[in-house]
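These notes are about the structure you will find just below.
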Amino acid sequence: MMRYALRRIIGLVPTLWLLVTAAFFVIRLAPGGPFDEERTILPEVRANLEAAYGLDAPLATQYARYMAALVRGDLGPSFRHKDTTVNELIGHGLPISAALGAAALALALLVGVPLGLYVAVHRGGGVDHGASVFTASAIALPAFVLGPVLALLFGLRLRWLPAAGWDAGALRYAVLPVVTLATPVLAYVMRLTRAGLLEVLGLDYIRAARARGLGPRRVILVHALKPALLPLVSWLGPAVAFVLTGSLVVETVFGIPGAGRFLVEGALNRDYTLVMGMIVVYGIITLLCNLGADLAYGWLDPRIRRQ
Amino acid sequence: MAGSIPASVGSERPRRRVAVIAAWLLVALCALAFAAPLLTPHAPDTIDLANATSVPAMQGSHAWGTDRLGRDVFARTMQGLRVSLLMGLAAALASVAIGTSWGAIAGYAGGRAGAAMMRIVDVLYALPYVFLVIILATVFERGNVLVLLIAIASVGWLTTARIVRGQTLALRQREFVEAARAMGVPTWRILVRHVLPNVAGPVIAYATLTVPQMILYESFLSFLGLGVQEPLASLGSLVSEGARDMEVAPWLLVAPATCLAAVTLLLNLVGDGLRDAFDPRTPS
C-alpha cells in the first residue's frame, strides 16, 4: 500500500510539469506586460525593469530559469508587490485559506452525511422533500450570491455578525464565510449520501441481513454505511477543487486576507509570477487531494484493492 | 435512524411534475427578459443622476428602483439576464459540440488513443476550472465576449465527453454498428449516422444541465471583474455592483441575485427531469 501510494505521488510529477509548462507559455505569449499600466514610463526605465526581472532574456531561458527556481521551491519575485516574493505572499495567505476551506469541508461533511442518511431512511417523507428543495436551491445559489445576501441579512440588517473582516479567524468573523463556502458542498454531500445509501439498500446482501433478523440500525450502520459512502469519497477530490474555487469568491466578498484573492488580483494586474505561483500551489493541492480520495477509495473498496 | 428500510428506488412521479412546472416558469422568465424593452420606457444604460439610488416603488416610473447613476434597475437586470442567458446557451452549445465529438471519437477509437484522449479529460477535470479561465483572462483583453465564451466553454465539455464515450463504448459492440462496419461504411459515417443519434438523449439532458453551469461560470468571472465589462452587464457583474452598494441600496443586490438564483434553479430542475426521463437509473 505504501509503495503503491508513493508510486502514485511520483506519477503526479509529469501532470504538474505539464500544467506549469502550459501555463507558463500561454501567459508569456500574451500581448502586453506587467508594466504596461505604469504611467509615463521612460523606455530606459522599462528596459531596466525588464532586465531586473529577467524579462529581456529569450523565452526559453526564462523558462529554464523559472523551472530551476521552482525545483528549489522558489516562486520568484512578485511584479506588482514591490520587494515581496510570491513565496511570502502565498505563505501569508495560504494558512488562512486552508483554515477557511477545511472548516467549510468539515462542516459540510459533519452535517451533510447524517442528514443524507436520515433523508434516505425516511425517503418520500416531509423532511426528504424539504431537503430536496434545499439541495436544489443550494446548488443553484453560487457563493457570490449567497455571500453578499448573508452579509446583508445577518451583518447589516440583523447585526448579529460582522459583515466582513477576518480578525485572525475569530469565530464571530468566520461564521458567515464558512457557511457561505459550506452550503453548496453540504448540498452535494447530502445528495450523494442519500443516493449512495438508497442504492446499497436495494442490494441482495442487505435483504439477506434483514432476513437473518438484524435490526435496521445495525443493517444501516454496520452493513450498508461503508459501501454507501463510496460515491461520496470519490467526489471528495473534486470537492476540494470546488472549495478552492469558492474560496476565491468568499475571500473577495468578506474581505478575508487569504491566498485566493492573489489569483484574481494577479490576473487583473498581469502579475505573471503571482499567477504562476498560485497555479503551482493550488495545482499541487488539488492533485494531492484527488490522489488522497483515490487511495481512500481503494482502501474502502476491497474489489479495487485486490487489482 | 429508526423505522423500516425503504424498498428499492422506484419511479418518482412528483419530480416529473416539478420539471414540467419549472420548464413553464423558465419560458415565462425568458419571455420577460426579452420583452423587457417593451415593458419599460427606460433604456438599461440611460444615466439620470437626478434620480440616483431611488427606492423601488410600484407607482413610480422605476418599479425596481435605480442604481447609483440613476439607471433603471429593472431594465438593467433584464439586460443582464439576456446577456447571461445568451452566453450560457452559446457556451453550452459549444461545449456540448466539443464534448460529443471528443467522447465519440475516444469511445469509438478505443485502445491507446482513446485512453490517451480520456486521460487529458481526467487531468483537466482534476484542476479547478478557474485556472484555465483566469489564465485566459490574464492573457487576453478583458471584456472580449468571444474570449469569455471560449474560456467558459473550454471547461464545460469534460462531463459531456465522459458521458458520450461511455455510451459509444457500449454502442460499438452492438450488432447494427458491426453490420455497418462489415458493409464497409467509413468510420466518420458510422459515427454520424449510427452512434450520434443513439447518444442524443443523454446528451440533450446533460446539455440542459450545462447551461446553468455556463451561466454560473460566466457570472463568476463577471463578479470578479474578469468577465463582461461596463456598460454591458451580466447578472454576475450586477451582483458584484449590488454587493458593493448593498449598505445604502440593498435592492441593487436583491434584483440580480434573485434572477440568477431563479434561472439556474429552474434550468437545473428541467435538466434533472430530462435526465430522469432519458436515464431512469441515474440517482440524483
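Naming: A, B, ... by sequence-line order, numbering from 1 per chain. Model, not experiment: these values are computed from the prediction.
In this structure R165(B) satisfies the salt bridge (charged side-chain N to carboxylate O under 4.0 Å, His left out) test with no other residue, sequence neighbours excluded.
T15(A) is listed as a side-chain neighbour of R119(B), based on a closest heavy-atom distance under 4.5 Å.
Neither the backbone nor the side chain of S240(B) comes within contact range of chain A; no heavy atom of the residue lies under 4.5 Å from a heavy atom of that chain. Both the backbone and the side chain of L265(B) have a heavy atom closer than 4.5 Å to some heavy atom of chain A. Residue A143(A): no heavy atom, backbone or side chain, is found under 4.5 Å from chain B. Neither the backbone nor the side chain of V240(A) has a heavy atom closer than 4.5 Å to any heavy atom of chain B.
By the 30° and 60° cut-offs, the orientation of the rings of F144(A) relative to F220(B) is tilted.
Contact count versus chain A (heavy atoms, under 4.5 Å) is highest, among L266(B), N268(B), L253(B), for L253(B). The candidate from L141(A), V149(A), I279(A) with the greatest count of non-hydrogen atom pairs under 4.5 Å with chain B is I279(A).
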